[in-house]
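A quick note: this is a predicted structure, and the numbers were derived from the prediction, not measured.
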Amino acid sequence: MGRTPDFLNVVVTSMATNDWFFREYGERWGDNIINYYRYIRDNDLFLTHAIMNPQNDRSKAAHEQGDEYTHLGVVRETADGLIVRGAKMLATLAPITDEVIIYSYPGFAPGDEKHAISFALPLDTPGLRIYCREETQDGTRSTWDHPLASRFEEMDAVLVFHDVLVPWERVFINQNVEAGNLLYPKTGINLQPSHQSAVRGLAKLSFVTDVTCSIADAIGVDGFLNVQNQLSELIQGVESIRALARIAEYEYSITDLGEALPNLVPLETIRGLLPKMYPRAIEILQTIGAGGLLMSPTGADFVNLETAADMEKYYVGRTGVSSEKRIRLFKLAWDLCGEAFGQRLLQYERYYSGDPVRKMAMFYNVHKKSHPSYPRVEHALEESLLMSEEIKGNGKQLDC
Ligand SMILES: Cc1cc2nc3c(=O)[nH]c(=O)nc-3n(C[C@H](O)[C@H](O)[C@H](O)COP(=O)(O)OP(=O)(O)OC[C@H]3O[C@@H](n4cnc5c(N)ncnc54)[C@H](O)[C@@H]3O)c2cc1C
C-alpha cells in the first residue's frame with residue numbers, strides 16, 4: 001500500500017512536537033494541536049489529509065480563482081468556530097478514514113488570508129462531501145487474476161466543504177498567510193513522515209525488483225547481457241535507497257525535547273530519486289515482461305476441462321516453472337505495471353508528497369543556504385593564483 005494509516009499519525013505527532021510554532025500565532029492553536037494529538041492517540045484513529053488546492057488555474061493565487069470559494073476558505077467566524085466553504089484535494093483513503101486534517105504546502109500569496117487555514121474534522125461532519133475517483137477495481141475481479149488490484153485499492157478523493165462548522169478547538173491555523181507558508185519550512189514537520197515514506201518507498205521498489213527478477217528467471221531470459229544489465233540497475237537502485245535510509249537513521253540527532261530525528265538530507269535525496277527510479281523500474285518490468293504480459297489467460301481457463309491441457313502445454317515457463325506459476329507471476333507483474341491500479345501506484349510515487357520539480361529546487365536552495373561558499377574551490381583558485389604569480393615572478397610566460 002502507498003498510504004498505511006501510520007503516515008498521518010506520524011504527521012500529527014510531528015505537529016504536536018512543534019506546538020511552539022502554532023503558539024507563535026496564538027496560545028490556543030498550540031493547545032489545540034496537543035489536545036488533538038492526544039485524542040488521535042487515545043482513540044487510535046485513522047486520518048487522511050487534504051493539503052492541495054484543487055487543480056483549477058495554477059497561474060493564479062487561491063483568492064484570484066473564478067469563485068472566491070473554489071479553494072477552501074473561511075466564510076465567517078462564529079461563537080462556535082469557523083464556517084468553511086470550498087474544495088481541497090487529494091485525500092487518499094478518505095472514505096474509510098475517521099478524520100481529515102487540513103493544512104497546506106507553502107505558496108499562499110497576500111490576499112489568500114481566508115484560505116490559509118489548518119484544522120481537523122471527522123469525515124462524517126455534516127456538509128462535508130467526499131468525491132471519489134472511479135475505482136480501479138469493482139470488487140468482482142478474482143484474486144487469481146488480479147492478486148494486487150483486487151485487494152489493495154486505495155481510493156483518492158476531493159473533499160468539498162459546504163459551509164461546514166469547524167469548532168474552535170479543532171483550529172490550528174486561522175487565516176494567516178505567514179503561518180500557512182512557514183509551517184513546513186520552519187518546523188520540519190515533514191521530517192519524521194519522510195522516514196516513514198522512505199521505508200515504504202524502499203519496500204515498494206524492492207518488491208518491483210523481486211517481481212522483475214522472478215519474471216526474467218521464469219522465462220529464461222536472465223542469462224542475456226542486456227537483461228542482466230537492467231536487473232542490476234534495479235538491484236543497485238534498491239541498494240542506493242537502502243543505504244540512504246540507513247544513513248538517515250545512523251546520523252540521527254536528539255532534540256531538546258528528547259525526540260530522535262533522522263537526518264533529513266539523505267531522506268530528501270530519496271524523495272528526489274524515487275520519482276525517477278520507480279517509473280524506470282516499471283519500464284524495465286514492462287520491457288522484460290514484453291508480450292508475455294499480454295498473453296495471460298484467466299484463472300477460469302485452468303479449470304475448464306476443454307482448455308486445461310492447452311494451458312499446461314502452451315504457457316509453461318523454463319524447465320521447472322509450471323504454467324500456473326508462470327501465469328500467476330505475469331499477472332502479478334501486470335497488476336504492477338499495466339493495470340490502472342499499477343499506474344496509480346506510479347503516479348503516487350511521483351506526486352504523493354508534492355511536485356518533484358519544485359521539491360528538487362527547494363533541495364538545492366536549502367543546500368545553498370548551508371553552503372554559502374565552497375572552501376575547497378576557493379583553495380584551489382588561491383593555489384593556482386599563487387602558482388601563476390610565482391611563474392610570472394620567474395619571468396616565464398603563462399602558457400594559455
Ligand atoms: C496517487 C496520489 C495520491 C495522493 N494523495 C494525497 C493525499 O492523501 N493528500 C494530499 O493532500 N495530496 C495527495 N496527493 C496530491 C499531491 O500532493 C499533489 O499531486 C502534488 O502536490 C502535486 O500537485 P498537483 O497534482 O496539484 O500538480 P500541480 O501543482 O498542478 O502541477 C502540475 C504540473 O505543473 C507543474 N507546475 C505547477 N505549478 C508550478 C510552479 N509554480 N512552478 C513550476 N512548475 C509548476 C508541475 O511541475 C507539474 O508538472 C496525491 C497525489 C497522487 C498522485
Side-chain angles (χ1 to χ4, degrees), residues 1-19 21-22 29-30 32-54 72 84 87-106 117-125 128 130-133 152-159 161 164 166-167 169-173 180 183-184 187-204 259-262 264 267-268 270-271 274 344-345 347-349 351-354 359:
M1 293 183 78
R3 182 69 55 72
T4 44
D6 53 316
F7 180 78
L8 261 301
N9 298 54
V10 176
V11 172
V12 173
T13 306
S14 295
M15 283 185 170
T17 316
N18 288 281
D19 63 317
F21 174 81
F22 299 92
W29 315 135
N32 286 352
I33 195 69
I34 293 278
N35 291 336
Y36 187 62
Y37 158 75
R38 290 187 181 133
Y39 175 71
I40 295 302
R41 180 195 63 190
D42 296 347
N43 292 284
D44 196 17
L45 296 183
F46 177 15
L47 270 65
T48 184
H49 66 330
I51 61 178
M52 298 301 299
N53 288 319
L72 179 68
V84 296
K88 207 82 178 166
M89 76 174 205
L90 182 66
T92 293
L93 294 168
I96 59 164
T97 53
D98 299 303
E99 297 254 335
V100 57
I101 184 162
I102 302 287
Y103 54 100
S104 299
Y105 282 134
I117 45 180
S118 173
F119 62 84
L121 281 177
L123 252 295
D124 58 358
T125 300
L128 170 51
I130 307 169
Y131 286 105
C132 297
R133 63 166 165 74
F152 297 116
E153 162 73 309
E154 290 174 295
M155 187 44 75
D156 306 291
V158 171
L159 302 183
F161 296 75
V164 173
V166 183
E169 62 273 18
R170 288 301 193 90
V171 177
F172 313 127
I173 292 176
L183 177 62
Y184 263 96
T187 63
I189 57 158
N190 60 331
L191 216 166
Q192 302 283 20
S194 292
H195 182 261
Q196 196 271 2
S197 303
V199 174
R200 180 203 44 75
L202 174 60
K204 203 162 144 189
E259 184 187 5
L261 290 180
L264 186 61
L267 293 180
E268 283 294 312
I270 292 176
R271 182 66 195 108
L274 270 180
R344 179 200 171 268
L345 286 187
Q347 196 69 343
Y348 183 94
E349 225 42 66
Y351 284 114
Y352 76 93
S353 81
K359 291 282 258 190

Test item: side-chain donor near acceptor, [X] and [Y], under 3.5 Å:
X      : Y      : value
Tyr348 : Glu154 : no
Glu169 : Asn35  : no
Ser353 : Arg271 : yes
Glu259 : Ser14  : no

Grab the two heavy atoms, one from [X] and one from [Y], that are nearest each other, plus how far apart they are.
X      : Y      : result
Ala50  : Val100 : N-CG2, 4.2 Å
Gln192 : Pro262 : OE1-CD, 3.5 Å
Glu99  : Leu123 : C-CD2, 3.2 Å
Pro193 : Val10  : N-CG1, 3.6 Å
Ala198 : Ile270 : CB-CD1, 3.7 Å
Lys88  : Ser104 : NZ-OG, 3.0 Å

[atom2] on [Y] to [atom1] on [X], rounded to 0.5 Å:
X      : Y      : atom1 : atom2 : result
Asp156 : Arg133 : CG    : CZ    : 4.5 Å
Leu183 : Ile189 : CG    : CD1   : 4.0 Å
Leu128 : Leu121 : CG    : CG    : 7.0 Å
Ile102 : Ser118 : CD1   : OG    : 8.0 Å
Thr187 : Asn190 : OG1   : CG    : 7.5 Å
Asn32  : Phe22  : CG    : CZ    : 10.0 Å

Any side-chain heavy-atom pair of [X] and [Y] under 4.5 Å:
X      : Y      : result
Leu345 : Lys204 : yes
Leu93  : Phe46  : yes
Asn53  : Met89  : no
Ile101 : Val11  : no
Asp98  : Leu47  : no
Thr125 : Pro122 : yes
Met15  : Tyr36  : no
Asp19  : Tyr37  : no

Can a cation-pi geometry be assigned to Arg200 and Phe7, taking NZ or CZ under 6.0 Å from the six-membered ring centre and within 45° of the ring axis?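 Judged by the rule, Arg200 and Phe7 form no cation-pi pair.
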Among Trp29, Phe172, Phe161, which residue meets the ring pair (Phe, Tyr, Trp, His ring centres under 6.0 Å) test with Phe119?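 Exactly one option meets the ring pair (Phe, Tyr, Trp, His ring centres under 6.0 Å) with Phe119, and it is Phe161.
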Treating Thr48 as the side-chain partner and Thr92 as the backbone partner, does any N or O pair qualify as donor plus acceptor under 3.5 Å?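 Yes, because the side chain of Thr48 sits within donor-acceptor range (under 3.5 Å) of the backbone of Thr92.
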